[in-house]
Novice: 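Dropping a structure here in structure tokens format, bear with me for questions.
Note that the structure is a prediction, hence the values are computed from the model and not measured.
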Amino acid sequence: MARRIKNIDTWRKHLPQKPRRMPGAYYSQSRAKRYKKVITIIWAILILFLLQSIFQAKLFKVDKIKLINNKDLTIEEVSGTLAEPLGKSRFLIFKNDNYFLLKTRSLEELLINNYNLDEAKIDKRFPDTLKITVKEKASYFIWQKNGTLYLLDAKGFLNRQIEAPDSKYLLLEDRREWQPTSDEIFSREEVDRINQIYLKWPELIANRLILGKIAINNDWTLDLYTNLG
């Protein structure tokens, strides 16, 4: 015969019981998660320091430039132009002059725009060198206006500004009050007139007198200057 439940306390003993909490297991799992997180942070810091040591190593700092196929463009001009973009910070703690981080496309565009080049190709040479191959627009004259020097092409159009005279080019000192409004500095007829004088000079004058400068006045009268004055 089934045993009778005498009171309510006895009855409660026969009800399904809730699972008991295990404090020790919970804290063990929590500690394991914290330990794993700490290990992950430590590894991340170590990797960051490793990357920093590689990307900031002097061995991989691009500080040498090899300029190829240049005629008027100088390595000093190129170095001065690239100094600022190479010195910029990247990813906060790195510099743009690192061999592995450096991107050359923007530098190529910078040189083309600054020096009016037909082409500029930059190749990285491990571990610290830029090989820069340029194709310059052909220049035939130096135009001097208000104390500033510019290279001109054979058609009398502006190429780019330069810092100092170059003896291999005829210097055209422009004394006119006229100011240019475009890249066309001299018309075709004006260029032809200058060329006639320059090309026929060796036939008309002794070779020891080298035509070095033509000064152009307001009325287009020309003053000629030789290596002797």
Side-chain angles (χ1 to χ4, degrees), residues 65-87 105-122 130 132-229:
I65 293 176
K66 186 177 182 181
L67 189 58
I68 307 296
N69 203 34
N70 59 307
K71 183 180 179 183
D72 299 309
L73 187 62
T74 67
I75 195 166
E76 289 78 16
E77 289 176 313
V78 172
S79 298
T81 300
L82 298 184
E84 182 179 351
L86 288 177
R105 182 56 186 165
S106 62
L107 301 182
E108 292 172 349
E109 293 176 353
L110 180 63
L111 292 177
I112 289 173
N113 293 332
N114 275 24
Y115 298 106
N116 197 26
L117 304 175
D118 284 332
E119 293 178 8
K121 175 65 176 175
I122 300 180
L130 292 180
I132 304 176
T133 305
V134 297
K135 182 179 179 182
E136 300 179 70
K137 296 182 185 298
S139 298
Y140 288 85
F141 307 106
I142 294 178
W143 176 56
Q144 183 178 9
K145 185 69 171 178
N146 300 325
T148 306
L149 302 173
Y150 305 86
L151 289 172
L152 303 183
D153 66 14
K155 296 180 179 180
F157 283 78
L158 188 67
N159 267 356
R160 67 179 183 88
Q161 184 177 340
I162 57 175
E163 297 297 326
D166 190 328
S167 60
K168 66 176 176 283
Y169 296 118
L170 176 65
L171 177 63
L172 304 177
E173 182 184 356
D174 198 336
R175 298 173 179 173
R176 297 175 295 171
E177 295 178 358
W178 168 87
Q179 298 295 328
T181 57
S182 68
D183 287 345
E184 185 180 15
I185 306 304
F186 296 106
S187 67
R188 183 173 180 178
E189 292 75 17
E190 292 168 343
V191 171
D192 288 342
R193 184 178 177 185
I194 294 169
N195 276 327
Q196 287 176 6
I197 296 173
Y198 186 55
L199 295 176
K200 290 184 179 180
W201 179 266
E203 301 175 9
L204 301 175
I205 307 297
N207 288 332
R208 67 187 185 89
L209 291 177
I210 300 173
L211 181 61
K213 182 174 76 171
I214 297 178
I216 305 168
N217 301 304
N218 273 319
D219 57 358
W220 257 93
T221 56
L222 305 178
D223 298 331
L224 309 182
Y225 296 84
T226 69
N227 55 320
L228 299 180

Novice: Does R176 pair with D174 as a salt bridge, N-O distance under 4.0 Å?
Specialist: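 Result for this pair is yes, salt bridge flagged.
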Novice: Could you report the tightest heavy-atom contact between S79 and I65, atom names first, then the distance?
Specialist: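 Nearest heavy atoms, S79 then I65: OG-CD1, 3.7 Å.
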Novice: Go through the steps for N70 and V78 under the test side-chain contact (heavy atoms from CB on, under 4.5 Å), then give the verdict.
Specialist: CA-CA 11 Å; N70 59 307; V78 172; over 6 Å; no
Novice: Rounded to the nearest 0.5 Å, what's the gap from CG on L222 to NZ on K213? Could you check?
Specialist: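 The distance works out to 13.0 Å.
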Novice: Within a strict 4.5 Å, meaning less than it, do heavy atoms of the N159 and L152 side chains meet?
Specialist: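 SC-SC contact between N159 and L152 ruled out.
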Novice: Would you compute the distance between atom CD of Q161 and atom CG of N116 and round it to the nearest 0.5 angstrom?
Specialist: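 Interatomic distance, Q161 CD to N116 CG, rounded to 0.5 Å: 12.5 Å.
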Novice: Indicate yes or no: at least one non-hydrogen side-chain atom of I142 is less than 4.5 angstrom from one of I162.
Specialist: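 Side-chain contact under 4.5 Å: yes.
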Novice: So which atom in Q144 and which in L171 form the shortest heavy-atom distance, rounded to 0.1 Å?
Specialist: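 Closest pair (atom of Q144, atom of L171, distance): OE1-CD2, 3.8 Å.
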Novice: Find the distance between CD1 (I132) and CD1 (I75) and round it off to the nearest 0.5 Å.
Specialist: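 So the CD1 of I132 and the CD1 of I75 are separated by 7.5 Å.
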Novice: For E163, does the CD atom sit with more than 12 other heavy atoms under 6.0 Å from it, leaving out its own atoms?
Specialist: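 Check fails, neighbour count at 12 or below.
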Novice: Tell me if a side-chain donor or acceptor on D153 pairs with a main-chain N or O of G156 at a distance below 3.5 Å.
Specialist: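 At least one qualifying donor-acceptor pair exists.
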Novice: If we only count heavy atoms from C-beta on, is the K121 to K135 side-chain gap below 4.5 Å?
Specialist: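 No. Closest side-chain heavy atoms not under 4.5 Å.
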Novice: For the pair T81 and Y115, evaluate side-chain contact (heavy atoms from CB on, under 4.5 Å) and give the outcome as yes or no after the intermediate values.
Specialist: CA-CA 10 Å; T81 300; Y115 298 106; 2.5 Å; yes
Novice: Taking the side chain as C-beta and beyond, is there a heavy-atom pair between L170 and I194 under 4.5 Å?
Specialist: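 SC-SC contact between L170 and I194 confirmed.
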Novice: Taking the side chain as every heavy atom from C-beta outward, state whether W143 and P180 have any atom pair closer than 4.5 Å.
Specialist: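 They are in side-chain contact.
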Novice: Compare every heavy atom of E184 with every heavy atom of F157, then report the nearest pair and how far apart it is.
Specialist: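 It is CE2-CB, 3.6 Å.
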Novice: Looking at every heavy atom in both L73 and E77, which two are closest together, and how far apart are they?
Specialist: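 Residues L73 and E77, closest heavy atoms: CD1-OE1, 3.4 Å.
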Novice: Begin from the C-alpha positions of L82 and L111 and carry the test side-chain contact (heavy atoms from CB on, under 4.5 Å) through to its verdict.
Specialist: CA-CA 8 Å; L82 298 184; L111 292 177; 4.2 Å; yes
Novice: Do L86 and L107 come close enough that some side-chain heavy atom pair is under 4.5 Å?
Specialist: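 Yes, close enough: below the 4.5 Å cut-off.
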Novice: Could you list the residues that satisfy side-chain contact (heavy atoms from CB on, under 4.5 Å) with A138, not counting sequence neighbours?
Specialist: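 With neighbours one apart ignored, the set is Y140.
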Novice: Considering non-hydrogen atoms only, spot the tightest contact between W201 and L209 and give its length.
Specialist: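 Looks like NE1-O, 2.7 Å.
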Novice: Do F141 and I185 have side chains that approach each other closer than 4.5 Å (heavy atoms only, starting at C-beta)?
Specialist: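 When only atoms from C-beta onward are counted, I185 and F141 do not touch, as no gap falls below 4.5 Å.
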Novice: To the closest 0.5 Å, what do you measure between CG (L158) and NZ (K137)?
Specialist: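 One finds 11.0 Å between CG of L158 and NZ of K137.
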Novice: Do NZ/NE/NH1/NH2 and the carboxylate oxygens of R160 and D72 come within less than 4.0 Å?
Specialist: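 Salt bridge: no.
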Novice: Between the side chains of R175 and E173, is the shortest nitrogen-to-carboxylate-oxygen separation below 4.0 Å, so that they form an ion pair?
Specialist: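 Result for this pair is yes, salt bridge flagged.
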Novice: Give a yes or no answer on whether the side chain of N227 reaches the backbone of I210 with a donor-acceptor pair at less than 3.5 Å.
Specialist: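 Present.
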Novice: Rounded to the nearest 0.5 Å, what separation is found between the CG atom of L172 and the CZ atom of F186?
Specialist: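 Between atom CG of L172 and atom CZ of F186 there are 5.0 Å.
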Novice: Answer yes if the side chains of N146 and T148 hold a donor-acceptor pair under 3.5 Å, and no otherwise.
Specialist: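 Distance-only check fails for N146 and T148.
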Novice: CG/N217 to CH2/W220 distance, rounded to the nearest 0.5 angstrom?
Specialist: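 Here the interatomic distance stands at 10.0 Å.
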Novice: Answer whether the closest heavy-atom distance between the side chains of I197 and L211 falls below 4.5 Å.
Specialist: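 Yes; the side chains approach each other to less than 4.5 Å.
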Novice: Quick test of your reading of the model: are E190 and R193 salt-bridged, counting only N-O distances below 4.0 Å?
Specialist: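 A salt bridge is absent here (no side-chain N lies under 4.0 Å from a carboxylate O).
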Novice: If I compare all heavy atoms of L149 with all of A164, which pair ends up nearest, and what's the gap?
Specialist: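 Heavy atoms only, the tightest pair is CD1-C, 3.5 Å.
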